[in-house]
Every structure is written in structure tokens, then in C-alpha cells.
Amino acid sequence: MKLPPLRAVQCFESVARLNSFSKAAESLNVTQSAVSHQVRMLEEYLGEAMFYRQGRTFSLTEVGERYFTEVSQSLAILSNASQIIRHGKPGYIRLALYSSVAVNWLIPRLEDFRKQYPEIEITLDMVTDQPDFNDQFADCFITVNPPKRHFVSKLLFTEKLFPVCGQKLWEKIRDKPLPEALWQHPILSVRYSDTNQNIADDWLRWCKAGGFELPSDLKVNQFSHVLLAAEAARYNLGITLINNYMTVDQSHKQNFVRIPMHELKTGDNFYFVYSELNSNRADITAFGRWLEQQCYTLNIR
């Protein structure tokens, strides 16, 4: 039996799901005219109109509605079958995420996930910048800039910064007035973006949130990554601002002292993100629920 061209079916499914020829073309990385051509080919092959066309507006015909339901399910089955063959077994998830989140938050908790879901294997790919949201790169992501279209985004937590130092340094400042006692020691600053022109921009923002100014004569050590600044603070080389998720692990709590002052909301929200095409994957949705549960349990949302 001769089957309709798979590309034509894929184009039809995208148009029907997104209710737009232009959005379908964007998601498939082809031109709008190419999508229209494939849909016409499918209609000619089936001998039925899939859409009612009225100028620039359109809607699915009754036949088109039935066909969309059937092909959506079939394409999902095909996607799952391909995933199993590609990775050799089900329950294999590739997660791309920032290195600080991986090292200081996720990895210490993964043993709990494996106990709950021993059949699911997680592999991590750490990124330092905006990841390439592509199934060829990863199955899911933890990011602060989720795509606006064709992806599911689940809020995990809002980033907050607060000052910390090592145990020995804390003994020197614990009985002195704050924030004045902080300025007697090196300030460890993280440059989160190359566009930041100000030295110690993170500390400037933190001081502004607290209603006071950062002294101009401070000794400031600049770091390119929060992990480096955190390690320096852990070894009593100065005082730094770290993310709220970096001290939820007990071993980190023992290494750091959180200085009892205000926290700064950076404006960044961390999301668990995956393609709409992966919405039917039970392993990814289970992993997403587990991540959200961890955030609630650790009270970092």
C-alpha cells in the first residue's frame, strides 16, 4: 500500500497544531510556501480538503479534524520508537544546564531521583551560556531564558543572592556592626555578563537593595564564574554573593556562613524546559515533577 509522503503529513500536523502556516514553517525550518505546497500535495493524495480556506483565515474540515487526531498519535509513536532505537533503551534523558546549578544543586540530589526512578538514566551536559534548544543537543534544559514557542516551561525557582564567607573569616566579623565589618575584608565579585561595565556590579545592586552605598575604596577581586568566587570564599579569601540554591546541600552549609543580611532578587527565574514534541515522554515529565518537588521541599522557590 502506498503511503502519503511523511513530510507532507508532518507539515499538515504542524499547521493544524499551531493553527498557522507561518508558525509551522518556522518550527520546521522551511519556507511558508514549502509548507503550503506539502499540504496541497497531501490533499491531492487523499482526495479531500483538510482546511476550509477563507481569505487569510482557515479552519480544519471535519475530515481534517479526524485526520489530525490520527496522525498526531502516529507521529508521537514514531518519535518514541525512534528515541528508543537511537538510545538503545527507554528512560534515557539528556539534560543541558548551567554548571553552577549542576554542581551545587542537582548532582547532590540525583541519588534520590535514582532511588525513585531506577529505570531512568540521566546524563548531564553543562553549558555556560544560553543553550541551543535543539533535540539534537539535549532532550530537556534548565535555563533562565526559555523559548517562547513550541516548548513547555516549568518554573523551578527564582534566583536570589546573599552574602557568605568562610568559617574563619566569620569569626572576625560576627560581633561587629554590619555592613561596615564587611568592608574590612576583600569583596569577591562575579561578572555575570560581558556587558556589565561596572566593577562589582553584583555588589552595587545588593547595596542598593539594602539602602546603602558600596564604599569606593574597597579591595575587589573579580571572578568570571560564581563557582570560582564561592571556592575563594570557602577558603576565607573574602566575602561573596552566592545563589540561594548553592547552600541547600548540608556539606556546603558546613563550609559557608550566611551573613545575616538582606538578599537580592536578581530577576532571573530558572525553568525546566522541553520541546512540545516530548510532552508525551513519561520519563521527562516524571523528571520535571521530581525537580519541582525538590524546589518545594528545599524551599528555594
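Bear in mind that the values here come from a model prediction, so they are computed numbers and not experimental data.
- For the atom pair Y117 OH and I93 CD1, the distance stands at 10.0 Å (nearest 0.5 Å).
- Side-chain contact check for T143 and Y98: at least one donor-acceptor pair (N or O, by modelled atom type) lies under 3.5 Å.
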Checklist entry - How far apart are the C-alpha atoms of V257 and R174, what are their side-chain angles, what is the distance that settles it, and do they pass the side chain to side chain contact (heavy atoms under 4.5 Å, CB included) test? => result CA-CA 10 Å; V257 174; R174 63 182 305 169; over 6 Å; no

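- To the nearest 0.5 Å, atom CD of residue Q38 and atom SG of residue C11 are 5.0 Å apart.
- Nearest heavy-atom pair across L106 and L124 is CD2-CD2, 3.9 Å.
- Of the inter-residue distances, the one linking Q54 atom CD with S59 atom OG reads 6.5 Å to the nearest 0.5 angstrom.
- The pair R40-E43 does not count as a salt bridge, with every side-chain nitrogen at least 4.0 angstrom from each carboxylate oxygen.
- For the residue pair A233 and F256, the shortest heavy atom distance occurs at CB-CE2, 4.2 Å.
- In plain terms, the two heavy atoms of L156 and L291 that are nearest each other are CD2-CB, 3.8 Å.
- Here the side chains of V164 and I239 are not in contact, with every heavy-atom distance at 4.5 Å or above.
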Next on the checklist: Using side chain to side chain contact (heavy atoms under 4.5 Å, CB included), reason through I187 and N221 one step at a time and then give a plain yes or no.
Outcome noted: CA-CA 6 Å; I187 295 301; N221 294 330; over 6 Å; no

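- Counted by atom type alone, S275 and H150 present zero donor-acceptor pairs between their side chains at under 3.5 Å.
- Among all heavy-atom pairs drawn from S189 and D201, the shortest one is OG-N, 4.2 Å.
- For the pair N243 and F162, the minimum side-chain heavy-atom distance is 4.5 Å or more.
- Residues forming a side-chain hydrogen bond (donor to acceptor under 3.5 Å, both in side chains) with S36 (at least two apart in sequence, or on another chain): none.
- Looking at F151 and E276, their side chains never come closer than 4.5 Å, going by heavy atoms from C-beta outward.
- For the residue pair W290 and D112, a side-chain donor N or O sits within less than 3.5 Å of a side-chain acceptor on the partner.
- In this structure, the side chains of L95 and D125 stay at 4.5 Å or more apart for every pair of heavy atoms.
- One hydrophobic cluster, built from ILVMFWY side chains closer than 4.5 Å, cannot hold both F223 and V226; they sit in different ones.
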Item to check | side chain to side chain contact (heavy atoms under 4.5 Å, CB included) evaluation trace for L161 with I242 | outcome: CA-CA 5 Å; L161 299 180; I242 67 171; 5.8 Å; no

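- Both F270 and V127 are members of a single hydrophobic cluster when ILVMFWY side chains are connected at heavy-atom separations under 4.5 Å.
- Expressed to the nearest 0.5 Å, how far CD1 of I173 lies from NE2 of H185 amounts to 5.5 Å.
- Checked by atom type and distance alone, the side chain of T240 pairs as donor or acceptor with a backbone atom of L188 at under 3.5 Å.
- Under the 4.5 Å side-chain heavy-atom criterion for ILVMFWY residues, no single connected hydrophobic cluster contains both M41 and V30.
- Two residues are said to be in side-chain contact when any heavy atoms from C-beta on lie closer than 4.5 Å; D139 and I284 meet this criterion.
- For residues 7-42, the set of pairs meeting the ring pair (Phe, Tyr, Trp, His ring centres under 6.0 Å) definition, not counting sequence neighbours, comprises F12-F51, F12-Y67, F21-F51, F21-F58.
- No more than 12 heavy atoms of other residues, nucleotides or ligands shown are found within 6.0 angstrom of CZ on R114.
- For the pair E62 and R66, the salt-bridge criterion is met [side-chain N within less than 4.0 Å of a carboxylate O].
- Residues R205 and W203 have side chains not in contact (no heavy-atom distance under 4.5 Å, counting atoms from C-beta outward).
- At distances below 3.5 Å, at least one donor-acceptor pair connects side-chain atoms of D202 with backbone N or O atoms of V190.
- If you take SG on C295 and NZ on K154, they are separated by 13.5 Å, rounding to the nearest 0.5 Å.
- Considering all non-hydrogen atoms of both residues, W105 and Q294 come closest at CZ2-CB, 3.9 Å.
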Item to check | side chain to side chain donor-acceptor pair (under 3.5 Å) evaluation trace for S100 with H225 | outcome: CA-CA 9 Å; S100 58; H225 199 285; 5.0 Å; no

Checklist entry - Run the salt bridge (charged side-chain N to carboxylate O under 4.0 Å, His left out) check on K115 and E111 step by step: do they pass? => result CA-CA 6 Å; K115 286 179 180 178; E111 183 181 2; 3.8 Å; yes

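- Between the CG atom of L204 and the NZ atom of K208 there is a distance of 10.0 Å, given to the nearest 0.5 Å.
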Checklist entry - Should R289 and E292 be marked as a salt bridge (charged side-chain N to carboxylate O under 4.0 Å, His left out) after you check the CA-CA gap, both sets of side-chain angles, and the distance that decides it? => result CA-CA 5 Å; R289 288 194 300 270; E292 291 180 286; over 6 Å; no

Checklist entry - Hey, mind stepping through R191 and I199 against side chain to side chain contact (heavy atoms under 4.5 Å, CB included) and telling me if it holds? => result CA-CA 8 Å; R191 188 166 188 171; I199 295 177; over 6 Å; no

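- Taking a 6.0 Å sphere around OH of Y235, one finds it holds 12 or fewer heavy atoms contributed by other residues, nucleotides or ligands.
- The closest donor-acceptor contact from the side chain of W170 to the backbone of N236 lies at 3.5 Å or more, if one exists at all.
- Hydrophobic cluster membership is shared by V35 and L60, with clusters built from Ile, Leu, Val, Met, Phe, Trp and Tyr side chains linked at under 4.5 angstrom.
- Aromatic ring centres of F272 and F141 lie farther apart than the 6.0 Å criterion allows.
- By the 4.5 Å heavy-atom criterion applied to side chains, F287 and I122 are counted as neighbours.
- The shortest distance between side-chain heavy atoms of M126 and V103 falls below 4.5 Å.
- Annotation for S279 and T285: closest pair O-CG2, 3.7 Å, computed over non-hydrogen atoms.
- Here Y245 and F157 bring their ring centres to under 6.0 angstrom of each other.
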What donor-acceptor contacts under 3.5 angstrom involve side-chain atoms of residues 258-266, with partners at least two apart or in another chain?
residue	atom	partner	partner atom	Å
R258	NH2	E263	OE1	3.2
H262	NE2	W206	O	2.7
H262	NE2	W206	NE1	3.3
H262	NE2	G210	N	3.3
T266	OG1	E159	OE1	2.7
T266	OG1	D268	N	3.2

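- Note on I107 and L228: separate hydrophobic clusters, where clusters join Ile, Leu, Val, Met, Phe, Trp and Tyr whose side-chain heavy atoms are under 4.5 Å apart, directly or indirectly.
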